[in-house]
> 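Pasting a structure here, questions to come.
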Amino acid sequence: MEEHHGARVAQAMAARLKAALDDKGWSVAQLSRISGVARYTIAKALAGEAWPDLLTIANLEKALECDLWPGRDV
């Protein structure tokens, strides 16, 4: 059975989020303070256990100054 496209998007976004945190040298707590997104929400997104809503993604992208949404080609 082929993996669901939405699952691939979530995994790619989680990988981009982790890479952006690593690039900035920030912890989840630091990103939470800067973005206004709850640490729990960020941790769940990183673990692939929750899919953040668009406003949350936008706030994370603004704080990290990078795109997290991987696009259609995933």
Side-chain angles (χ1 to χ4, degrees):
M1 183 174 190
E2 186 177 327
E3 185 180 25
H4 190 272
H5 176 70
R8 288 191 306 272
V9 170
Q11 291 166 353
M13 199 201 78
R16 286 175 177 229
L17 178 56
K18 171 131 179 44
L21 276 173
D22 291 347
D23 287 347
K24 292 275 189 186
W26 291 354
S27 67
V28 169
Q30 287 173 299
L31 178 56
S32 176
R33 282 192 302 276
I34 293 165
S35 68
V37 175
R39 286 182 306 193
Y40 178 81
T41 301
I42 297 168
K44 289 295 214 180
L46 283 167
E49 296 174 4
W51 181 245
D53 62 37
L54 292 176
L55 180 60
T56 299
I57 294 168
N59 287 335
L60 293 171
E61 287 181 333
K62 183 176 180 184
L64 292 164
E65 300 176 320
C66 71
D67 293 329
L68 298 175
W69 191 260
R72 294 188 306 255
D73 298 330
V74 175

> Rounded to the nearest 0.5 Å, what separates atom OG in S27 from atom CZ in R33?
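Between S27 OG and R33 CZ, I get 6.0 Å after rounding to 0.5 Å.
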> We want to know whether T56 and D53 form a side-chain donor-acceptor pair, criterion being a heavy-atom distance below 3.5 angstrom.
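Yes.
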> Any heavy-atom pair between the side chains of R16 and C66 that's under 4.5 Å?
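When only atoms from C-beta onward are counted, R16 and C66 do not touch, as no gap falls below 4.5 Å.
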> CG/N59 to CG/L64 distance, rounded to the nearest 0.5 angstrom?
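It comes to 10.5 Å.
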> Can you tell me how far the CH2 atom of W69 sits from the CD atom of E61, to the nearest 0.5 Å?
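So the CH2 of W69 and the CD of E61 are separated by 9.5 Å.
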> How many angstroms lie between CD in Q30 and CD1 in I42, if you round to the nearest 0.5 Å?
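One gets 11.0 Å once the value is rounded to the nearest 0.5 Å.
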> Which heavy atom of A14 sits nearest to which heavy atom of A45, and what is that distance?
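Of all heavy-atom pairs spanning A14 and A45, the closest is CB-O, 3.4 Å.
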> Quick one: pull up CD in E65 and CD1 in I34 and give me the separation to the nearest 0.5 Å.
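So the gap between those two atoms works out to 9.5 Å.
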> Is there a side-chain contact between L31 and L60 in this structure, where contact means two heavy atoms from C-beta onward sitting under 4.5 Å apart?
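Heavy-atom side-chain distance check passes, below 4.5 Å.
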> Are Y40 and L68 linked, directly or through intermediate hydrophobic residues, by side-chain heavy-atom contacts shorter than 4.5 Å (ILVMFWY only)?
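Unlinked, L68 and Y40 end up in two clusters.
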> Step through the shown structure and confirm whether more than 12 heavy atoms of other residues, nucleotides or ligands are within 6.0 Å of CG on L55.
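Atom CG in L55 is crowded, with more than 12 foreign heavy atoms closer than 6.0 Å.
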